[in-house]
Amino acid sequence: MGRKILLENSDIPNIKSFDVFRAHGGYVSVEKALKTMAPDEIIEEVKKSGLRGRGGAGFPTGLKWTFLDRKSNKPRYLVCNGDESEPGTFKDRYLMEKLPHLLIEGMICSSFALGVNTAYIYIRGEFKYLLGILNQAINEAYKNGFLGKNILGTNFSLDMYVHPGAGAYICGEETALLESLEGNRGNPRIKPPFPAVVGLYDCPTVVNNVETLANVGYIVNFGGDAYASIGLGKSTGTKLISACGNINNPGVYEIELGMSVEDFIYKEEFCGGIKDKLELKAVVPGGSSVPIVPKELILFTASGEKRLMTYESLAEGGFESGTMLGSGGFIVYDQNACIVRNTWNFSRFYHHESCGQCSPCREGTGWMEKILWRIEHGHGNMKDIDLLISIADKIEGNTICPLGDAAAWPVASAIRHFREDFIFHVQYPEIVKNIKHGALYKYDNQD
Amino acid sequence: MMLKITIDNQTIEVEEGTTILQAARKIGGSVVPPAMCWYSKLEGSGGKCRTCLVKVSEGSAKDPRPLPKLVASCRTPVVDGMVVQNKTSPEVLEARKAIVEFLLINHPLDCPVCDQAGECDLQDLSYDNGKVSCRYQESRREFEVIDIGNLIKLHMNRCILCYRCVYVADQIAGKRVHGILYRGDVSEISTYIKNSIDHNFSGNVIDVCPVGALTDKTFRFKNRVWFLKPMTAHRDCPTCSGKVIAWMRGSEIYRITGRKDEFGEVEEFICNECRFEKKNINDWIVEGPTTLKRHSVISQNHYKEIKTPSIINPLKEKMEKQTNDE
């Protein structure tokens, strides 16, 4: 336990610069890949590694790569999804800020494996400060012959560009990202066709998360089996978890998948327990869109086993009692947190970020937000609670892209597990109304 | 190769590349899912309103597993051996009810003063799938009524954001100046910086609009559509086909629209001159009453399917005389 792949060297001073990064074993994988490996071998290694998409869905990366249409004579593209906008998730920006070359290294190897000659890094608009860091890193890579024409004397050429978005959560959805990259309004496309066949500029495209691509360098260096030996079962490797909320040590941690959730929350080298020695109330383990679960269900599964930090263990029990690892945005709530206010806050976010293309999401997110606002501000009634469940149920699965699901899950799960909080808000509107919401409302002992 | 598809227990063979909705329209009748945003003549349209969601209970002949989610039939291509459920699936009907509810929560429901009433797709859809009561008690979104040019009025409150007019402006009316501003439930159709749409085919945005968001300023508040007799008419127009429907009362033409098929789609787009300027009976050669094939609330107070033309042609004699003269 405790092996690190990505953040091993993150504390070395000036690791941002090419020279320091190179001196610490950087770009070795590029040399190995380009000079000694065939593109298909790399894909095979990635498949063997069991690496799964780190953006949230957890789809096996190697498998995704095999879907890329190689028969058409069109150029292929690799796009790195750095539009990390999920509330609670801040791992990719840490990676790009600290180790820009690690991402570029992984992208060169991936591009070589996929036969890509143009790669893009799409970062969200709010990451303006990363633009300079990434551009500088790319320039250094060009200068040292790792990007551009005939890299390292081989006949493989690769150009890389950074493109900032204009600040929209929806552009993290891969097809909306491609639309935005093309210069259009960031509306998700209707699938099929999938980007692997018709993607950027109607050409076959692979879109991968920053963390996913950053892992490729290690896999090329040490092989897929070495990567697969880390982690547990089908959740291989390490995962960056961005922990926040009412904990003693918020921050980005690289953990080996398979560690228990309890250890992660309470161990000193990770979250360090709940702040002010309060009790744990609930956890959202994978960014705001995954279901919220109460203490008893995050530490142990419904069947009484220890909950582990793996894709499978967190999802055990389905949405009845489980949740998802998602993008690794680990939000912890202490006993005083108001779940209603938190749900309203999430809902407000999705209402604001819905692109407005398809009706269930456009209308449903706004509707849920308005109801939650009423409940939170003491104007709710009992019928509203079931109405919320009904709306969430009707958005889920009926939309073009997963934003609809992402908006519905937190609401449905909050009511599933914390219905009494909602009932309290409806029953005691005077108490709820009179609270000044500087911090989250503390109503537990007022009855 | 012809692909076999079964929709609501009716099987048909279609060409490759056909969507489920197109296949359903070939079968016709009750298997056709409603479509509020898809328009066969506009490339890229569809997939947005989600009213045409259907259940694919068998994915294909090779892989008969059902698809996990309901799919938008307007944009999903047929795969050989597909089995689709529309009206026979309670899940689909439930989803459709939900979509209608969503579409209506921010709709002003001002049908009594809306020019589209009587020929409104949203009205038809709500009659078929809507609820009597409303669970929405929050405030509705509101926009100012604006002019898009001097011939078209935009009631953004009524809009369901089907994007059809955007595609028309993009693909037919050239030089696009209007589109979607903002996002989410405050997104609106508008022209950028109060531009007006100035193109000879811009009037077609009125015909493609499934609701009363885009209306004809030369016809607004002049009459209710159910008092008018739709007459097939044509003229020799230098810019368009000149094949239209003239909506008449007595011998007066109140408005001109394109000819619509049974699914409410315009057969041929017409130019602004025909639509807005030629309101005199002498401009047109009136062929006869139009057969309305589609569902409509047009027959006063009775919602029913009109199968045969139930309107008596007031101009029969005149027309026969005209034909004989020719």
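This structure is a prediction, so every number in the text was calculated from the model and none was measured. Letters A, B, ... mirror the listed sequences (proteins, then strands); counts begin at 1.
Within 6.0 Å of the NZ atom in B:Lys97, the count of heavy atoms belonging to other residues, nucleotides or ligands does not exceed 12. Applying the 6.0 Å contact sphere to NE2 of A:His352 captures no more than 12 heavy atoms from other residues, nucleotides or ligands. More than 12 heavy-atom neighbours from other residues, nucleotides or ligands sit within 6.0 angstrom of NZ on B:Lys131. Annotation for B:Lys4: atom NZ does not count as buried by contact number, only 12 or fewer foreign heavy atoms lying within 6.0 Å.
For A:Arg185 (side chain) and B:Tyr182 (main-chain N/O), a donor-acceptor pair under 3.5 Å exists by modelled atom type. Within the 3.5 Å criterion, the main-chain N or O of B:Ser139 finds a donor-acceptor partner in the side chain of A:Lys370. The backbone N or O of A:Glu353 sits nowhere less than 3.5 Å from a side-chain atom of B:Arg183 that would complete a donor-acceptor pair.
Ranking B:Glu138, B:Lys69, B:Glu101 against chain A, the residue ahead of the rest is B:Glu138, based on heavy-atom pairs under 4.5 Å. Per-residue counts of heavy-atom pairs under 4.5 Å with chain B were compared for A:Pro360, A:Gly364, A:Ala168; the largest is that of A:Pro360.
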(request) Evaluate the criterion side-chain contact (heavy atoms from CB on, under 4.5 Å) for residue pair A:Ser359 and B:Met36; output intermediate values, then yes/no. (result) CA-CA 11 Å; A:Ser359 2; B:Met36 301 294 285; over 6 Å; no

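Within the 4.5 angstrom heavy-atom criterion, only side-chain atoms of A:Arg374, from C-beta onward, approach chain B. For A:Ile391, the parts sitting under 4.5 Å from any heavy atom of chain B are the backbone and the side chain alike. Only the side chain of A:Asn187 comes within less than 4.5 Å of a heavy atom of chain B; its backbone N, CA, C and O stay farther away.
There is no side-chain donor-acceptor pair under 3.5 Å between A:Arg362 and B:Ser187.
The minimum heavy-atom distance linking A:Asn398 with B:Ala95 is given by the pair ND2-CB, 3.9 Å.
If you take CD on B:Gln137 and CG on A:Leu387, they are separated by 8.0 Å, rounding to the nearest 0.5 Å. In this structure, B:Arg50 CZ and A:Cys361 SG are separated by 10.5 Å, a value rounded to the nearest 0.5 Å. Between the CD1 atom in A:Ile190 and the SG atom in B:Cys74 there is a gap of 7.0 Å [rounded to 0.5 Å]. The OG1 atom of A:Thr365 sits 9.0 Å away from atom CZ of B:Phe102, with the distance rounded to the nearest 0.5 Å. Distance check, rounded to the nearest 0.5 Å: CG of B:Asn106 to CH2 of A:Trp367 gives 10.0 Å. To the nearest 0.5 Å, atoms CD (A:Glu363) and CD1 (B:Ile99) are separated by 10.5 Å.
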